[in-house]
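Notes to accompany the following structure.
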Amino acid sequence: MSERTLAIIKPDAVKKHAIGDIIARYEKTGLKPVALRMMQFSKSTAEGFYAVHKARPFFDSLCTFMVSGPVVVLVLQGDNAIKKNRELMGATDPAKAEAGTIRKAHGTNIEFNAVHGSDSPETAKFEIGYFFPEMDLVK
Ligand code: ADP
Ligand code: MG
């Protein structure tokens, strides 16, 4: 079933000049970009996006990281896009990520881990709507 997921190329990966490599990995995996935006998060943008993690000990540090430089936000579409992207990303901790995954290639540690990907249809809907109005998605 074709579905959409939200991906973010995080500030660490943008600083490493890995935007092109990461987008190439999406495309090779059948995850087609249907919206794409480069931006710099404000603190409130980061806090609102990660509101589900508000109670976690790493929340403040995560938000500080996410505003530390520009990011690329994309909507990816394809069969089983949510699961496919999570597999392509690898484990949250790059040290535990499988060979061939984005986090294995570009992540530094459990916080600076190169990419975000929605983890369910509900979060994908919220996260896509957080950055893109429906009319900005390519049909
Ligand atoms: P994922 O991005 O794999 O879905 P989570 O949703 O659990 O992982 O966490 C969101 C983000 O918070 C992670 O991608 C990572 O940047 C950061 N993070 C997660 N766990 C930790 C941790 N224990 N310490 C520091 N940062 C963390
Ligand atoms: Mg998550």
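Remember, it's a predicted structure, so these values are computed and weren't measured experimentally. Atoms within a ligand are numbered from 1 in the order they appear, just like the ligands themselves.
In this structure a side-chain-to-backbone donor-acceptor pair under 3.5 Å is present from Thr123 to Ser120.
Within the structure, the ring-ring contact (aromatic ring centres under 6.0 Å, His included) test picks out the following pairs touching residues 22-44 (sequence neighbours left out): Phe41-Phe131.
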Inset, instruction - Check the pair Val71 / His116 against side-chain contact (heavy atoms from CB on, under 4.5 Å), numbers first and verdict last. - result: CA-CA 11 Å; Val71 299; His116 168 85; over 6 Å; no

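Between Cys63 and Lys43, the closest heavy-atom pair is CB-CE, 3.9 Å.
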Donor-acceptor list for residues 77-85 side chains, cut-off 3.5 Å, not counting sequence neighbours:
| from | atom 1 | to | atom 2 | distance (Å) |
| --- | --- | --- | --- | --- |
| Gln77 | OE1 | Arg4 | NE | 3.1 |
| Lys83 | NZ | Glu87 | OE2 | 3.1 |
| Lys84 | NZ | Asp79 | O | 3.4 |

For residues 5-16, dump all side-chain donor-acceptor pairs below 3.5 Å to protein atoms at least two apart in sequence or in another chain.
| from | atom 1 | to | atom 2 | distance (Å) |
| --- | --- | --- | --- | --- |
| Thr5 | OG1 | Ser118 | OG | 3.4 |
| Lys10 | NZ | Asn113 | OD1 | 2.8 |
| Asp12 | OD1 | Ala114 | N | 3.4 |
| Asp12 | OD2 | Asn113 | N | 3.4 |
| Asp12 | OD2 | Ala114 | N | 3.0 |
| Lys15 | NZ | Ser68 | O | 3.4 |
| Lys16 | NZ | His106 | O | 2.6 |
| Lys16 | NZ | Thr108 | OG1 | 3.3 |

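Pocket lining of ligand 1, defined as residues with a non-hydrogen atom under 4.0 Å away: Lys10, His53, Phe58, Leu62, Arg86, Thr92, Arg103, Ile110, Glu111, Asn113.
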